[in-house]
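Remember, predicted model here, so these are calculated numbers, not experimental data. Here is how names work: the chains are called A, B, and so on, in the same order as the sequence lines, proteins then strands, and each is numbered from 1.
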Protein chains: 2
Amino acid sequence: MIERERKVRTQHVALPRPARAPRRRPRRMTAPARPRLLGEVRRAKILAWLREEGSARVRALADAFAVSEVTVRQDLEKLEAEGHIVREHGGAFLKSVPQQVRALALQHHENMDEKRRIGRAAAALVGDGETIILDSGSTTTEVAAALIGRRDMTVVTNALNIALMLGAEPGFEVHMPGGHFKAPTLSLSGDRSADYFRGLFAKTLFLATAAIDVEAGLTYPALSDIAVKRAMIAAADRVCLVADASKIALRSFTALGGLDLVHMLITDDRIRDADRAAIEAAGVEVIVA
Amino acid sequence: MIERERKVRTQHVALPRPARAPRRRPRRMTAPARPRLLGEVRRAKILAWLREEGSARVRALADAFAVSEVTVRQDLEKLEAEGHIVREHGGAFLKSVPQQVRALALQHHENMDEKRRIGRAAAALVGDGETIILDSGSTTTEVAAALIGRRDMTVVTNALNIALMLGAEPGFEVHMPGGHFKAPTLSLSGDRSADYFRGLFAKTLFLATAAIDVEAGLTYPALSDIAVKRAMIAAADRVCLVADASKIALRSFTALGGLDLVHMLITDDRIRDADRAAIEAAGVEVIVA
DNA sequence: AAGCAAAATCGAAAATAATCGAAATTGCGA
DNA sequence: TCGCAATTTCGATTATTTTCGATTTTGCTT
């Protein structure tokens, strides 16, 4: 064990330096705009850590990246200035409006683990800078949560909780259709909602559903949602259904339409082989998260 | 009196696990099993605990997070000040959902007492069964809070927090215009918001403002709100401005129009006599809450 | 009800930990 | 070698948490 003596001046020569390779960098004719990007890399990693953990302590970060706590503090200061994080005495954390808002959606706390996986898989289909439409629902809320950290996204959603979650994030533009507010789903619906989507185009729609059935197609408990969902489908290039496996081979009250309306389904691994085969036979790409 | 073992400070100095980075760890004899949580994170976890259990005792929280009971109390005090919980002798419990949503309106926790009085006075102008329009803002949020308990109300609002508050109440129909979501005010704005009000009529509009001035009229910090507010005004029979006295005789960035747009102003008793006289001379009925 | 003891809270000083400012040091490229 | 900018060091400052005694509340017994 190395004795931690503070007065030794030449201590640094013995320090382990895992990051730096002794290889010489080839000389460049054009000087790069940023001579040092090591700092940027570290900051990006700190941000990644924060997105994973939610918060970080200055000392832990200093240890992890083998830099002084002062440097970490400067990094955090920069990240804070960019609006990504909030700094506090012992470290920093992400603005967790999302956490708070996620708890707002009262019902449907079942299958959360599957829904989270589906959300991550769905988010992987979206690239930075795209425009997407997010339906309301607990699964689509998880899609929204998984999108946090993206840049230059434009999101259109009829779900108030999703708007609140993403609207506070830097790099997100959030738009909502108007309509009649329904408390159980925290969503807007009605004819006026549908009108909003006229003349609007998005790359991908993540659609929620109450029940999927090969014969009945997509069915919903309430009539009023149907118009909005039709309008959303019409406005999107690609329709991606997100639904956990418990909804497959069920029927609800009113039908939106057949499976030919959607291009892909993201679900979890509890889907039965027979169902999967039938859905794929209907021309829908099935992704198991 | 039971002596609890709290003062055990110096236990084993040498941990069996060899430290990966022997960089520098200046005198830390007492290594807590888990690094202490960030204050904000701890408060978030307390909130999560409360959402799970419904209530919590100070002693249990102190044990769970390995902090003193005083610290827990301070945390609870903070959470109470933010409007999330209600504190009582042995611990704390969660507020009702509408009350929590009220706390969502992030900024402007100033002059809350005046705003609450203004809200109550404004609500007194509204009868059961009427249709009203509620602008976004902290004062209009108080109007909404004061309306809770009414029957057969129809409310049109561009404020997400108001929609969430009232939408869950029985006896309330809530509609929202579409538009671009702005996080600081939790509101929707833009041209599409304005379009929504076309062909819509309401008895009373409760309008918020950033600044009132007899000469400059009503002024706002952002241009994008103006269109929505104009449309709201056009859709309402009676326009009722709600603003605490600190906003009187100020000017903001862009003008909506003169005081002739509004029929009444509800404010608090800090309004100066001269201002009141000037506003009344402009044809606006002034109500002091 | 009234009284009493245990438990919980409050206020403020003390202890601990983290931050800030500014000078000194280092790494890297010209 | 120099220069620049990122990083570190160190003392002073600031924020947070704990300690401790006084006070209030609660729960129980009479």
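- When the P atom of D:dT8 is taken as reference, atom CZ of A:Phe65 falls 13 Å away, rounded to whole Å.
- Note: CZ (B:Arg57) to C1' (D:dT25) measures 12 Å, nearest angstrom.
- Separating the CD atom of B:Glu77 from the C1' atom of C:dC10 is a distance of 9 Å, rounded to the nearest angstrom.
- The CD atom of B:Glu80 sits 14 Å away from the C1' atom of C:dC10 (whole-angstrom rounding).
- The phosphate of C:dA17 has neither OP1 nor OP2 within less than 4.0 Å of any side-chain N or O from A:Arg59.
- Partners of A:Asp128 by side-chain contact (heavy atoms from CB on, under 4.5 Å), not counting sequence neighbours, listed by chain and number: A:Arg150, A:Arg151.
- Legend: residues meeting salt bridge (charged side-chain N to carboxylate O under 4.0 Å, His left out) with B:Arg272, ordered by chain and number and at least two apart, are B:Asp275.
- Under the rule for a salt bridge (charged side-chain N to carboxylate O under 4.0 Å, His left out), the partners of B:Arg87 that lie at least two apart in sequence or sit in another chain are B:Glu80.
- Dashed line: the shortest gap from a side-chain N or O of A:Arg87 to OP1 or OP2 of C:dC20 is under 4.0 Å.
- Salt bridge present: B:Glu69 and B:Arg73 bring a charged side-chain N and a carboxylate O closer than 4.0 Å.
- Listed by chain and residue number, A:Asp113, A:Asp269 satisfy the salt bridge (charged side-chain N to carboxylate O under 4.0 Å, His left out) test with A:Arg117 (two or more places apart in sequence, or in another chain).
- Atom P of nucleotide C:dA8 and atom CG of B:Leu76 are separated by 13 Å, given to the nearest angstrom.
- In the set D:dC10, C:dA8, D:dT19, D:dT19 carries the atom at the smallest distance from any side-chain atom of B:Val70.
- Among residues two or more places apart in sequence or in another chain, the salt bridge (charged side-chain N to carboxylate O under 4.0 Å, His left out) test is passed with A:Glu88 by B:Arg43.
- Distance CD (B:Glu69) to C1' (C:dG11): 17 Å, rounded to an integer number of Å.
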Using the 3.5 Å cut-off, write out each protein N or O paired with an N or O of nucleotides 11-17 of chain D and the distance between them.
unit_1 : atom_1 : unit_2  : atom_2 : d
D:dA15 : O4'    : A:His89 : ND1    : 3.4
D:dA15 : O3'    : A:His89 : ND1    : 3.3
D:dT17 : OP1    : B:Arg42 : NH1    : 3.2
D:dT17 : OP1    : B:Arg42 : NH2    : 3.0

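- Residue A:Asp63 contributes atom CG, which lies 15 Å from atom C1' of D:dT8 at whole-angstrom precision.
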